[in-house]
J.: 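Questions regarding the structure given below will be posed in turn.
No experiment lies behind these values; they were computed from the predicted model shown. Each chain gets a letter, A, B and so on, in the order its sequence line appears, and its residues count up from 1. Both backbone and side-chain heavy atoms feed into the values below; hydrogens, waters and symmetry mates do not.
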Amino acid sequence: MVDLYRAYPPEFYARNTVIVARELIGSFLCRKLEDASVLWGPIVEDEAYRQHEPASHAARGPTPRCQVMFGPPGYAYVYFIYGRYHCLNVVTEEAGYGAAVLLRAVGADQTKGPGKLCETWDIGFQHNGISLMNPGFSLWICPGDRPGPELIVCSRRVGITKAEELPWRFYLKGHPSVSGPKFPGSGKKRQSQN
DNA sequence: GGGCCGATTGTT
DNA sequence: ACAATCGGCCCG
């Protein structure tokens, strides 16, 4: 049985972002709302973003928007995109290095995609910079049952148009909440491992 | 202040 | 294939 009121320690996040992204699949995202009700569900899709690559917000250094990516690991980085949606990330690696994992889908509700996840769970700028290591406080992540490697698919990330694409997206094979095109087998680019 | 662009999503 | 929609970022 999963205990929703524990959390990963900072050391879990203070590692290579791609490793953290893979290991976060199956972990539980938890959200306590204003009325004290709690939403929770397993992370079924995420993506890694690291400092020295054009596709990352951190590529051009710690701007006001992405400065929390350069802070200590285990904290939330929330950004606003396309004039409509917020997206939630977990900061990774050592402080001073800009990196994070974008949480794209949770296997709890009918919605899919990072924008819809934040919309449905009322996640926004009020969470930017808060710790995800305090169980019971607004937003946190706790360990779950880690799926076997045969259930975790690795593919290119969604929505990257300019930069060179990297196989840094992970998702639970066949899960209905996974967003975007199912790249492996959808005929464009190839799958990869990691 | 102006102009361009986007880690999205839903519709054509 | 494309529009909606506006904050962030760069330039001047």
J.: Tell me if a side-chain donor or acceptor on Glu165(A) pairs with a main-chain N or O of Thr161(A) at a distance below 3.5 Å.
T.: no
J.: Please state how far atom OH in Tyr82(A) lies from atom C1' in dG7(C), giving the value in whole angstrom units.
T.: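 To the nearest whole Å, that distance equals 13 Å.
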J.: For Lys116(A) and for Gly83(A), locate the closest nucleotide of DNA chain B by heavy-atom distance; then report the residue assigned to the nucleotide nearer the 5' terminus.
T.: Gly83(A)
J.: Is the backbone of Asp3(A) close enough, under 3.5 Å, to the side chain of Arg6(A) for a donor and an acceptor to pair up by distance?
T.: yes
J.: So, does Asn128(A) use its side chain to make a donor-acceptor pair with the main chain of Val78(A) at under 3.5 Å?
T.: yes
J.: Take the protein atom CG of Asp46(A) and the nucleotide atom P of dT8(B), then report the distance between them rounded to whole Å.
T.: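 Value for this atom pair: 14 Å.
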J.: Using modelled atom types only, decide if a donor and an acceptor are shared between the side chain of Asn89(A) and the backbone of Tyr77(A) within a distance under 3.5 Å.
T.: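 Answer holds: yes.
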J.: Using whole Å, report how far CD1 of Ile160(A) lies from C1' of dT8(B).
T.: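 One finds 12 Å between C1' of dT8(B) and CD1 of Ile160(A), rounded.
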J.: With side-chain hydrogen bond (donor to acceptor under 3.5 Å, both in side chains) as the test, pick out the partner of Ser138(A) among Glu34(A), His127(A), Gln126(A).
T.: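 Exactly one option meets the side-chain hydrogen bond (donor to acceptor under 3.5 Å, both in side chains) with Ser138(A), and it is His127(A).
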J.: In terms of relative ring orientation, are His86(A) and Phe125(A) parallel, tilted or perpendicular, with 30° and 60° separating the classes?
T.: perpendicular
J.: Would you check if the side chain of Glu47(A) reaches a backbone N or O of Arg169(A) as a donor-acceptor pair within less than 3.5 Å?
T.: no
J.: Is the distance from OP1 or OP2 of dG6(B) to the nearest side-chain N or O of Thr161(A) less than 4.0 Å?
T.: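 So the side-chain polar atoms of Thr161(A) do come within 4.0 Å of the phosphate oxygens OP1 or OP2 of dG6(B), strictly under.
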J.: What is the distance, to the nearest angstrom, from the CH2 atom on Trp168(A) to the P atom on dA7(B)?
T.: 15 Å
J.: Could you identify which residues of residues 85-103 of chain A place a heavy atom less than 4.0 Å from some atom of DNA chain C, listed by residue number, or say none?
T.: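 None, since no heavy atom is under 4.0 Å.
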J.: Which residue pairs satisfy the salt bridge (Lys or Arg N to Asp or Glu O under 4.0 Å) criterion with at least one member in residues 51-61 of chain A, sequence neighbours excluded?
T.: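 Non-adjacent pairs meeting salt bridge (Lys or Arg N to Asp or Glu O under 4.0 Å): Glu53(A)-Arg157(A).
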J.: Which pairs, protein N/O on one side and nucleotides 8-10 of chain C N/O on the other, fall under 3.5 Å?
T.:
from, atom 1, to, atom 2, distance (Å)
dG8(C), O3', Arg65(A), NE, 3.4
dC9(C), OP1, Thr63(A), OG1, 2.3
dC9(C), OP1, Arg65(A), NE, 3.3

J.: Expressed in angstrom and rounded to an integer, what is the separation of Ile123(A) atom CD1 from dT8(B) atom C1'?
T.: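 Atom CD1 in Ile123(A) sits about 16 Å away from atom C1' in dT8(B).
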J.: Which residue pairs pass the side-chain hydrogen bond (donor to acceptor under 3.5 Å, both in side chains) test when at least one of the two sits in residues 94-107 of chain A, sequence neighbours left out?
T.: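 Passing the test, one end in residues 94-107 of chain A: Glu45(A)-Arg104(A), Arg50(A)-Tyr97(A), Arg104(A)-Ser179(A).
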J.: With the stacking rule set at 5.5 Å and 30°, tell me whether Tyr49(A) counts as stacking on dA7(B).
T.: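 Stacking is present between dA7(B) and Tyr49(A), given that their ring centres fall under 5.5 Å apart and the planes under 30°.
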J.: Provide, to the nearest angstrom, the distance between the CD1 atom belonging to Ile81(A) and the C1' atom belonging to dT8(B).
T.: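 For the pair Ile81(A) CD1 and dT8(B) C1', the rounded distance is 7 Å.
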J.: In chain order, what residues pass the side-chain hydrogen bond (donor to acceptor under 3.5 Å, both in side chains) check against Asp35(A), with sequence neighbours excluded?
T.: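 In terms of side-chain hydrogen bond (donor to acceptor under 3.5 Å, both in side chains), with neighbours along the sequence ignored, Asp35(A) is linked to Ser37(A).
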J.: Roughly how many Å is it from CZ in Arg104(A) to P in dA7(B), rounded to a whole number?
T.: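 Taking atom P of dA7(B) as the reference, CZ of Arg104(A) is at 11 Å.
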J.: Going only through I, L, V, M, F, W and Y residues with side-chain contacts under 4.5 Å, is there a path from Tyr85(A) to Ile160(A)?
T.: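 They do share one cluster, since a chain of ILVMFWY contacts under 4.5 Å joins Tyr85(A) to Ile160(A).
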J.: Output the pairing pattern of DNA chain B as a dot-bracket string, 5' first, Watson-Crick or G-U wobble with both distances under 3.5 Å, | for cross-strand pairs, [ ] for crossing pairs.
T.: ||||||.||||.
